[in-house]
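Remarks on the structure that follows.
Remember, it's a predicted structure, so these values are computed and weren't measured experimentally. Numbering of ligands and ligand atoms starts at 1, following listing order. Position 1 is the first residue of the sequence; numbering continues from there.
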Amino acid sequence: MHKLVLMRHGESQWNLDNRFTGWTDVDLTEKGREEARRAGALLKQEGFEFDIAYTSVLKRAIRTLWLTLDELDAMYVPVINDWHLNERHYGALQGLNKSETAAKYGDEQVLVWRRAYAIAPNPLDIDDPRHPRFDPRYASLSPSELPATECLKDTVDRVVPFWNDTIAPSLRAGKRTIIAAHGNSLRALIKFLDGVSDEEIVGLNIPTAQPLVYELDDDLRPIRHYYLGNADEIQAAMAAVAAQGKAKQA
Ligand SMILES: O=C(O)[C@@H](CO)OP(=O)(O)O
């Protein structure tokens, strides 16, 4: 049996501000750092140890991983940073406040933009300075790999090959693995691992910095999964993520 830990980053500044974030490289808040330390302490208390760690090239996930590994006194664990684990690119929505956008376009439209499986928001303009082609960390990617927007399906299409080519072989080799990533890149991975339908994935929301343990069989098929930590807190945190896209009640 293989054990895999998935974890979304702690609260970021734009989680706090309730802005669409995507590939914008915002940092953790102090609360987000504390959440990451708490996750590390919980993993330590439960006896988890890791041989390898994967994260994105965005600092909210990277810093979450560092703080978690530090708490585990395991900063020696090799860390693979890869853009395939980045958050879903949110296109032209990046930077906008989610409730203000819902007040303008309606809760239903924002739910489509946030959670519809195959509908992407409008793309960033090719000359927009925020377009990833201007960012040196993506310099080695071909133009066809560089997103200017994504729907969850597009994220699945980049996360799953990375799983198959890189993470799965190292799990099969017995490496105890933690992945620190993002709400939607983890939804993409969970959709693939658990065979969640396009309709059901709409209702799945991932709380910040709560370790999610997957037990996998020899073929890397999930046997079961569970969150470490307090079940009520986790339910409340999931409901809060779902509510982020609603217009504020007057
Ligand atoms: O803004 C984002 O990039 C993501 C994750 O924070 O948000 P959402 O839950 O709306 O997909």
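Nearest heavy atoms, A53 versus L69: CB-CD1, 4.5 Å. Of all heavy-atom pairs spanning G10 and N15, the tightest one is O-OD1, 3.9 Å. Residues I206 and V241 approach most closely at O-CG2, 3.8 Å, considering heavy atoms.
Taking atom 5 (C) of ligand 1 as the reference point, the nearest protein heavy-atom neighbour is E87 OE2, 3.0 Å.
Within the 4.5 Å cutoff, the side chain of F192 has no heavy atoms near those of the V159 side chain. With a 4.5 Å cut-off on side-chain heavy atoms, D127 and H131 do not count as touching.
The atoms of ligand 1 that sit less than 4.0 Å from any heavy atom of N15 are 6 (O). Close contacts between ligand 1 and R8 involve ligand atoms 5 (C), 6 (O) [criterion: under 4.0 Å to a heavy atom]. Annotation for ligand 1: atoms under 4.0 Å from non-hydrogen atoms of F20 are 1 (O). Against a heavy-atom cut-off of under 4.0 Å, T21 is close to the following atoms of ligand 1: 1 (O), 2 (C), 3 (O). Listed by atom number, the atoms of ligand 1 under 4.0 Å from R115 heavy atoms are 8 (P), 9 (O), 11 (O).
With no hydrogens or angles considered, no side-chain donor-acceptor pair links E11 and T208 at under 3.5 Å.
Considering backbone and side-chain atoms together, R60 places no N or O closer than 3.5 Å to any N or O of ligand 1.
In H89, neither the side chain nor the backbone holds a heavy atom less than 4.0 Å from any atom of ligand 1. Of the heavy atoms in N184, only side-chain atoms (C-beta onward) come closer than 4.0 Å to ligand 1. Contacts of R19 with ligand 1, taken as heavy-atom pairs under 4.0 Å, involve the backbone alone. Within the 4.0 Å heavy-atom criterion, neither part of W14 lies near ligand 1.
Distances shorter than 4.0 angstrom do not occur between any heavy atom of Q94 and any atom of ligand 1. By the 4.0 Å heavy-atom criterion, G22 is counted among the residues contacting ligand 1.
Among R114, Q244, K98, the residue whose heavy atom lies closest to atom 7 (O) of ligand 1 is K98.
The aromatic ring centres of W113 and Y105 sit less than 6.0 Å apart.
The existence of a salt bridge linking K44 and E71 is excluded, since no basic side-chain nitrogen approaches an acidic carboxylate oxygen closer than 4.0 Å. The pair E34-R37 meets the salt-bridge criterion, since a charged nitrogen lies less than 4.0 angstrom from a carboxylate oxygen.
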